[in-house]
Protein chains: 2
Amino acid sequence: MKIGIYGYGNLGKGVECAVLQNPDIEIAGVFTRRDPATIQTQTGAPVYSAADAAAHKDEIDVMIICGGSATDLPVLTPRLAKDFNVLDSFDTHANIPEHFAKVDAAARENGHIALISAGWDPGMFSLARLYGCTILPNGKDYTFWGRGVSQGHSDAIRRIEGVEDARQYTVPVESALEAVRSGSEPELTTRMKHTRECYVVAKEGADKAAIEQAIKTMPNYFADYDTTVTFITREELLRDHSALPHGGFVIRTGHTGFNNENTHTIEYNLKLDSNPQFTSLAMAAFARAICRMSKRGDTGCKTVFDVAPADLSPLSGEELRKKLL
Amino acid sequence: MKIGIYGYGNLGKGVECAVLQNPDIEIAGVFTRRDPATIQTQTGAPVYSAADAAAHKDEIDVMIICGGSATDLPVLTPRLAKDFNVLDSFDTHANIPEHFAKVDAAARENGHIALISAGWDPGMFSLARLYGCTILPNGKDYTFWGRGVSQGHSDAIRRIEGVEDARQYTVPVESALEAVRSGSEPELTTRMKHTRECYVVAKEGADKAAIEQAIKTMPNYFADYDTTVTFITREELLRDHSALPHGGFVIRTGHTGFNNENTHTIEYNLKLDSNPQFTSLAMAAFARAICRMSKRGDTGCKTVFDVAPADLSPLSGEELRKKLL
């Protein structure tokens, strides 16, 4: 099976790396909006101009689109679905229905298949939520994120005047996790679930008190959280905060029995050293699945909910039943 | 959607209870090998003789077979697949390929669909293993069970001379769990992963030392484990050990990066107050899925690996994307 990688940032490089662990997948080409001559891929995969992508449509089973959810994917995924089977990691939860509708229309019109929002959240965490609430209908679920770097929150800090660079960690509150695991189904406010740790490099002469104040009062991003701000040097940022770890917890608790006398807890958790590399591996597996679904004649937009798990694996049904069931 | 419940023990009663939490599912009938007149269901569902099941085939979308894996299901599931779409919780891992082949042949010949081995292991744990090893191909997975009651091991103790009753708990070793979670991919022997706690009621005058010796040296069941034996009274057994809790952990760790420099941990764990009630809820969800698959014309034997998660849920695709993705 042959994939294209559209976009060669952290995620695109992650997909390239993921392919090394999936011998049934080959990279037909990396597509970039930069000058292809300036890019050397890690694996020697050929680099083409994004503008020429359509010329390669017969060489590519699935185009994996590695762009940002804010402005790139809402345009790119529907557009590329005209020429390719496509897959993205669109992660703006509130806009998923709209994105789905656009991609679905483009894919159907052109007889292609698409899968949006592959990754871990949305993605594996969504699956944990679906399995959890389906099997324990009389219950409640909770998603916690972290400890990990939120790129959106780090970017928000960088836009404050006087900030040179920043890294923000989202941290789940351990006591809230324990309360949830107990099955008591607590009502938790935003502040009770997560804290936010900010590591900030200030520009020379910047007003640090003003920066700290601007962060802690920023609506949506920080105002509803207990936030700590630590000023560090550029060297410290590079040394201690270059990685992109992340993870989190999806916990579903519920009750069964004719008198609801029994409590059950389902927990799915991830601890990831590299958010983009894990996301890329999930994308590679779902690319394999939609390639198979496409060969069976399926078209239109799908999500992780529509993929039978067996289609993700390189193993045959027989091997899966023998080794993993 | 209408189900039949074939067998009315712990599991059959669990399915009856599970249906109360799934308003789109109705019970057409409970089928028993005992005299139907002697059985009063909790919900008032009608009870019929197992021998008359075929007469009800037009009233039932899926027959849920609640029998034991040792002798019941290998016979019942292929036989009932001739008249019904069927679902079971067959859990003898080593015999799954053989059971699958028989059920598949019977279901296909008669245009029915079947799903075997629904539950939590096999079932949800199998899914955790499949998702885990597919997304982290360069890694290793571990399954731990407990703390929970193993009915097979309890039965094995009961067969020892001088034993009146017994309850056996399988307990995962915390230090082994921690070693696995670290991503170090330890090699663990059987003894390092689990301990076994046995609570035994001895018959009057029985030789307790001989019973303890017989348990601890029993091949396959106990000889390879650190086993503790505690003698208790019948009253203590009833008071402290009547429940059927269980659970466990599926942990996959793996490495990514061009130099395998990043470690990732995926953990799925269950803590269940009632093993049969949780198993039953999983069975109800998979029954919904195969009912839908059957309506789309699908036939033959399936497993949890073949079911797209969306088919498990009573929610529409649109609702799922909006609320859970």
Side-chain angles (χ1 to χ4, degrees), chain A residues 14 17-18 20-22 42 93 96-97 100 117 122 124 126-131 133-138 181 243 247 256-258 261-274 277-278 280-282 285 303-310 312-314 317-318 320-322 324-325, chain B residues 14 17-18 20-22 42 93 96-97 100 117 122 124 126-131 133-138 181 243 247 256-258 261-274 277-278 280-282 285 303-310 312-314 317-318 320-322 324-325:
Chain A
C17 192
L20 297 177
Q21 296 192 17
N22 287 282
Q42 295 274 337
H93 291 262
I96 283 174
F100 181 92
S117 305
M124 301 315 296
S126 319
L127 287 168
R129 286 187 287 264
L130 190 159
Y131 282 120
C133 76
T134 305
I135 293 181
L136 291 177
N138 178 19
R181 286 183 181 126
T256 68
F258 288 102
E261 65 275 23
N262 292 313
T263 300
H264 306 271
T265 304
I266 307 175
E267 174 170 340
Y268 182 78
N269 72 57
L270 296 173
K271 193 162 159 275
L272 314 174
D273 273 358
S274 166
Q277 284 178 6
F278 186 85
S280 309
L281 276 160
T303 73
V304 295
F305 297 153
D306 304 306
V307 174
L312 297 169
S313 171
E318 205 173 345
L320 290 175
R321 289 189 294 274
K322 197 171 166 183
L324 298 173
L325 195 63
Chain B
C17 191
L20 296 177
Q21 296 192 16
N22 288 282
Q42 294 274 337
H93 291 261
I96 284 175
F100 182 92
S117 305
M124 301 315 295
S126 318
L127 287 167
R129 286 186 286 263
L130 190 160
Y131 281 120
C133 77
T134 305
I135 293 181
L136 290 177
N138 179 19
R181 286 183 180 124
T256 68
F258 287 102
E261 66 274 23
N262 291 313
T263 300
H264 306 272
T265 304
I266 307 174
E267 175 170 339
Y268 182 79
N269 71 60
L270 296 173
K271 194 163 158 278
L272 313 175
D273 273 359
S274 165
Q277 285 179 5
F278 186 86
S280 308
L281 277 161
T303 73
V304 296
F305 297 152
D306 304 306
V307 174
L312 298 169
S313 172
E318 206 172 347
L320 289 175
R321 288 189 294 274
K322 198 172 167 183
L324 298 174
L325 195 65

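Within every chain, numbering begins at 1; the chains are lettered A, B, ... in the order of the sequence lines, protein sequences first and strands thereafter. Note that these values count all heavy atoms, side chains included, but never hydrogens, waters or copies made by symmetry.
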Engaged part of Thr263(B) at the chain A interface, taking heavy atoms whose separation is under 4.5 Å
both

Search all heavy atoms of Gly257(B) against all heavy atoms of Gln277(A) and return the closest pair with its distance.
N-OE1, 3.2 Å

Just so I understand: if I count every heavy-atom pair under 4.5 Å between each of Ala282(B), Cys17(B), Pro97(B), Gly14(B) and chain A, which residue has the most?
Cys17(B)

With a 4.5 Å limit on heavy-atom distance, are the side chains of Tyr268(B) and Asn269(A) in contact?
no

Only pairs of heavy atoms separated by less than 4.5 Å count here; which of Gly247(A), Pro314(A), Pro122(A) has the most with chain B?
Pro122(A)

Counting heavy-atom pairs under 4.5 angstrom with chain B, the leader among Leu127(A), Leu20(A), Asn22(A) is Leu127(A)

Just verifying a value: how many Å separate Gln21(B) CD and Asn138(A) CG, rounded to the nearest 0.5 Å?
4.5 Å

If you count heavy-atom pairs within less than 4.5 Å of chain A, which of Asp273(B), Leu281(B), Thr303(B) leads?
Asp273(B)

Chain B: which of Ala285(A), Cys133(A), Ser313(A), Gly317(A) shares the most heavy-atom pairs with it under 4.5 Å?
Ser313(A)

Where do Leu325(B) and Arg321(B) come nearest, in terms of heavy atoms and distance?
CB-O, 3.3 Å

Check each atom of Ile96(A) against the heavy atoms of chain B and say whether the ones under 4.5 Å are side chain, backbone, both or neither.
side chain

Options His264(B), Glu318(B), His93(B), ranked by heavy-atom pairs under 4.5 Å with chain A, top entry
His264(B)

Do you know which two heavy atoms are closest between Tyr131(A) and Leu312(B), and how far apart they sit?
CE2-CD1, 3.4 Å

Residue from Val307(A), Leu136(A), Thr265(A) scoring the most non-hydrogen pairs under 4.5 Å with chain B is Thr265(A)

Max heavy-atom pair count under 4.5 Å with chain B, selected residue of Ala128(A), Pro309(A), Ala308(A):
Pro309(A)

Taking atom CG of Asn262(A) and atom CG of Leu272(B), what is their separation to the nearest 0.5 Å?
10.0 Å

Quick check on Phe278(A) against chain B: is it the side chain, the backbone, both or neither that has a heavy atom closer than 4.5 Å?
both

Heavy-atom proximity to chain B below 4.5 Å, by part of Thr256(A)
both

Most heavy-atom pairs under 4.5 Å with chain B, out of Val304(A), Leu130(A), Asp306(A), belong to Leu130(A)

Go through it in stages, so that I can follow the logic: the residues are Arg181(A) and Glu267(A), the test is side chain to side chain contact (heavy atoms under 4.5 Å, CB included), and I'd like the CA-CA distance, side-chain angles, deciding distance and then a yes or no.
CA-CA 8 Å; Arg181(A) 286 183 181 126; Glu267(A) 174 170 340; 2.6 Å; yes

